[in-house]
Amino acid sequence: MQDSSIQFSDLSLNDSILSALDGMGFVSPTPIQAAAIPHLLAGKDALGKAQTGTGKTAAFSLPLLNKLNLDQRKPQAVVLAPTRELAIQVAAEMKNLGQNINGLKVLEIYGGASIVDQMRALKNGAHIVVGTPGRVQDLINRDRLHLDEVHTFVLDEADEMLNMGFVDDVTEIMEHAPETAQRVLFSATMPPMLKKIVDRFLREPEYVDVAGKNHTVDKVEQQFWVVKGVEKDEAMSRLLETEETDASIVFVRTRQDTERLADWLSARGFKAAALHGDIPQSLRERTVDHIKQGVIDILVATDVVARGLDVPRITHVFNYDIPFDVESYIHRIGRTGRAGRKGKAILLVRTNQIRMLRTIERVTKSSMEEIQLPLRDKVAEARLVKLGAELEQEKEHTALDKFAELVEKLQESLEIDAATLAAILLKRQQGKRPLFYIGEDPMVAAIERDKQRRKERREGGREGGREGREGRRSFNTADWDTYQLQVGREQGVQVKDIVGALANELGLTKGSIGAIKLDRESTYVQLPKQMTSEVAGKLRKLRIRQKEAGAVVVDFTDFREPRGRREGGRRDGNRDGNRGGYRGNREGGSYRGNREGNREGGRGRDGERRFDRNRGGDHRGSHRGERSFSRNRRDEA
C-alpha cells in the first residue's frame, strides 16, 4: 500500500480490523482508502472513481466489516462483481481483512457452482454476500436471498459490469435494497448508463476521485501472442529460450497448473519451481530465496502468492493465463520493472480473450504489441549459441587433459573417429531440447492459415455487406450439428438460459456454441460435431429452468433472419418488448454476436430471438459499444 498523511490507526476502525492490518504489515492507507473510508464509516453513499490496482477493495471492505452485527444471520451487505473470479477474489480479501473477527461469514455466490450448496449456505447464515449479478438475482427470485436487513450495497467494477450486459440485473437488485441501505459504487470510468444508475439510486453521494494513471505500466514493455499453431507449453518454452531473461515469473490460474507447468519446464532443463497458496510458508520463503540467489530462474505462480513479491533480478513476467481482471494484471506486471529498472511482460491470449486484452489496454491507458513466436529453428539456434557460450568458459579448465585421454580410449573401444564421438556426446547433451529440427514447424502452417482467414474475412465482409442489403445470410454447418431442445418461449426460456446452461452444465466455451434460434416450444442450437462422450452424456441429461431439454440432432439450417423484419417488429404480449434479448441493446430484442463484435438488433414477427456465434476471427475492436459474446459471461454468473 502507498503511503499517505494518515494511518489506519487514525481511522475509526475497531481493534480486530486494526490488528489484522497490522499483522499484514499495512500501516498507511492508499489515497482511495484515505479518501473513501471516513465517508463510508459515516454511512454516506459514495461514488469512487479509482484506477484499478489502487486498493479499492479494502476501501469498501474495511468500513463494511467495521459495522457488522455478528449475531444477525441474514446478509447485512451485498457486493456485486462482474465476474465469478473477481467475486472469489473480493471475498478472499474480505476474509483476510476480517481474519480476527470471530464468527465472520463471507459467502461468494456465482454461476458455474452448485446453486443448491449456495442456497444451503444462505440458509445457514451469512454476514456478507459477494456475488455476480446473474446468480444474485436468481437467488432473489427463488426467495432464498433476502435483502431486507442489508445495510450496505457495493457495486465493484461497475462500468465493466454494465458493459457485460448486467444493467437489468443490477437495476433489479438495487430496487430490492432497503431505502435506508448505504449504496457504494466504484468504477474506473463513468459511462452514460452508469451515470443514470448513480442518479437513480445514490442519494447525495460523496464523490471520491483518485483515478490518476497507474505508473506501473510505464516501466514495463508489454507484448502479447495470440495462441495458435502450437500448445501454450511449447510457446512458453520458445519464449523463455529466446528472450534475454535473468529471472522470470510465469502466472497461471490454479495451483495444479503451477505444479504441472513447473514440472514440464524442469523436465526440459529449465530451473523452475511452483509457488502457490497451499505450499507451507517455510517452503514458499525458501523458494523465493532460491530465485533471489539464482538457484532457480523461473517461478510458476498464482496471483495471490506473488502479490508483493519483490525480486530485483526478475526481468520478465509471462502471463500464461490471462488474468480475470485488470487489477490482477497490474499486480502481475508490477513484479518486474522494480527500482527504476525496465521490465517486460508477455501475455498469451486466446482469440476469445481478445476483449479482455483490450479492456486491459483501455484501463491502463497502454498499448500492447502483438508478436509472433520465434520459429523453432530460431530456438535451436539460440540453444546452440548458449551451448557455445558455456563451452567457451570451459576451454581453459585444468581437467581437460584427463577428458582428452578418455576421448582417445572411447575412440579405440568404439572404433570411431573424434568427430563421430563428439556428435554422439552432443546428441546426448541436447536432451529434450533439440539443437536442430527436421520437418516443418507447425507455426509456419498456423501463420499461413491466419493470413488466409484474414483474407477471407476481408472478402467475406464485403460479400456479407451485399448479402445483408439483399436480406440473405449464410451459416457454416461443416463443423456443427444442430440440436433441437424441447424448451422454448412458452416455458419462459430465454436465450440467456440456453447459453448459461450450455456453459455451466456442459462446460462449453464461447467458441463451442454456434447459432441459437428460440421458438415458441423449442430451441435450435448449433454445437460442435466433435464432442467428448462426457459432454455428450451431460447434454442428454441437460435441464433448463428445471425442464428436461431432450436434445436431439435435427436437420435444421434456417437460422437466417427473415427479410425486411429488422425494424423492431415485436410480438404482441411480450412483457416489455425486449426482455428476452441482449440486455445491452435496448433498440432490438435479438442479439447476433460473433468474435468480430457484429451485432444486428431486432426480431421477427414471431418474436424469435437469434444468437449467432458461428463466425470466426479475433475480436480486436474497442469493447465499448460492441459487446461480443458476453452473454455467456453474464449467464455464468
Side-chain angles (χ1 to χ4, degrees), residues 51-54 85 89 188 213-228 232-254 257-258 261-262 265 270 272-276 288 291-292 296-351 353-374 618 620:
Q51 186 70 34
T52 188
T54 55
E85 294 78 19
Q89 180 179 310
K213 185 176 181 180
N214 190 308
H215 293 286
T216 297
V217 297
D218 294 338
K219 300 178 291 184
V220 180
E221 179 184 358
Q222 300 173 78
Q223 297 176 335
F224 71 95
W225 172 67
V226 180
V227 178
K228 54 178 178 285
K232 289 167 73 176
D233 290 356
E234 168 67 13
M236 277 307 312
S237 176
R238 295 192 188 193
L239 290 169
L240 287 166
E241 291 196 64
T242 55
E243 288 288 324
E244 295 183 4
T245 65
D246 185 0
S248 308
I249 299 183
V250 180
F251 281 101
V252 297
R253 284 181 181 162
T254 68
D257 283 341
T258 64
L261 184 56
L265 291 172
F270 296 97
L275 189 67
H276 56 76
V288 173
I291 195 168
K292 289 180 177 179
I296 60 174
D297 294 326
I298 303 165
L299 282 181
V300 185
T302 55
D303 285 295
V304 175
V305 295
R307 290 198 173 191
L309 184 65
D310 188 359
V311 180
R313 64 183 291 253
I314 292 175
T315 57
H316 285 64
V317 166
F318 296 96
N319 291 281
Y320 181 92
D321 292 320
I322 193 170
F324 291 115
D325 59 273
V326 185
E327 184 169 353
S328 293
Y329 177 80
I330 292 175
H331 278 290
R332 286 182 179 187
I333 69 173
R335 299 313 100 208
T336 186
R338 314 286 287 185
R341 302 180 185 88
K342 294 292 287 185
K344 192 170 187 179
I346 298 178
L347 172 66
L348 276 56
V349 57
R350 299 189 183 278
T351 52
Q353 297 169 332
I354 294 294
R355 180 175 173 273
M356 183 61 198
L357 181 146
R358 300 307 177 199
T359 300
I360 291 171
E361 290 184 315
R362 174 186 57 80
V363 175
T364 60
K365 297 180 176 65
S366 62
S367 178
M368 295 191 206
E369 174 195 2
E370 181 176 3
I371 60 172
Q372 290 293 343
L373 283 186
D618 298 348
R620 298 181 185 273

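The first residue in the sequence is number 1, and the count goes up from there.
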- Find out whether Thr302 and Thr258 are in side-chain contact, i.e. whether some heavy atom of one side chain is under 4.5 Å from a heavy atom of the other. yes
- Message: Quick check on side chain to side chain contact (heavy atoms under 4.5 Å, CB included): which of Asp321, Val252, Leu261 does Lys232 satisfy it with?
- Response: Asp321
- Message: List the residues meeting side chain to side chain donor-acceptor pair (under 3.5 Å) with Arg253, not counting sequence neighbours, and say none if there are none.
- Response: none
- Message: As a quick check of understanding, evaluate side-chain contact (heavy atoms from CB on, under 4.5 Å) for Ile371 and Ile346, giving each step before the final call.
- Response: CA-CA 9 Å; Ile371 60 172; Ile346 298 178; 4.2 Å; yes
- Query: Can you tell me how far CD of Glu221 sits from CD of Glu369, rounded to the nearest 0.5 angstrom?
  - Reply: 6.5 Å
- Item | Polar side-chain atom of Gln353 near backbone of Arg350 as donor-acceptor pair, under 3.5 Å | yes
- Message: Does any part of the side chain of Ile249, heavy atoms only, come nearer than 4.5 Å to the side chain of Val311, both counted from C-beta?
- Response: no
- Query: Looking at side-chain heavy atoms only, is the closest gap between Glu370 and Gln223 below 4.5 Å?
  - Reply: no
- Message: Donor-acceptor check, side chain of Arg238 to backbone of Pro374, threshold 3.5 angstrom: yes or no?
- Response: yes
- Item | Candidate pair Trp225 and Val349, rule side-chain contact (heavy atoms from CB on, under 4.5 Å), full reasoning | CA-CA 6 Å; Trp225 172 67; Val349 57; over 6 Å; no
- Query: Can you find a pair of side-chain heavy atoms, one from Met236 and one from Tyr320, that are under 4.5 Å apart?
  - Reply: yes
- Note on the structure: Residues at least two apart in sequence or cross-chain that pass side chain to side chain donor-acceptor pair (under 3.5 Å) with Ser237, listed by chain then number, are Glu241
- Query: Any sub-3.5 Å donor-acceptor pair from Thr315's side-chain atoms to Asp246's backbone N or O?
  - Reply: yes
- Item | Validation row: Leu265, Leu240 side chains within 4.5 angstrom (heavy atoms) | yes
- Query: Under 4.5 Å between any side-chain heavy atoms of Asp303 and Arg332, yes or no?
  - Reply: yes
- Could you go through the side-chain contact (heavy atoms from CB on, under 4.5 Å) check for Phe251 and Arg335 one step at a time? CA-CA 11 Å; Phe251 281 101; Arg335 299 313 100 208; 4.0 Å; yes
- Message: Which residues pass the side chain to side chain contact (heavy atoms under 4.5 Å, CB included) test with Glu361, not counting sequence neighbours?
- Response: Leu357, Arg358, Ser367, Met368
- Considering only heavy atoms from C-beta outward, does the side chain of Asp297 approach that of Ile291 to under 4.5 Å? no
- Item | Heavy-atom pair with the smallest gap, counting every atom of Thr364 and Ile360 | OG1-O, 2.6 Å
- Query: Does any N or O in the side chain of Thr245 come within less than 3.5 Å of the main-chain N or O of Ser248, such that one atom is a donor and the other an acceptor?
  - Reply: no
- Within-4.5 Å side-chain heavy-atom neighbours: Thr242 and Leu373: no
- Task: Supply the atom-to-atom distance Tyr329 OH to Leu347 CG, rounded to the nearest 0.5 angstrom.
- Result: 6.0 Å
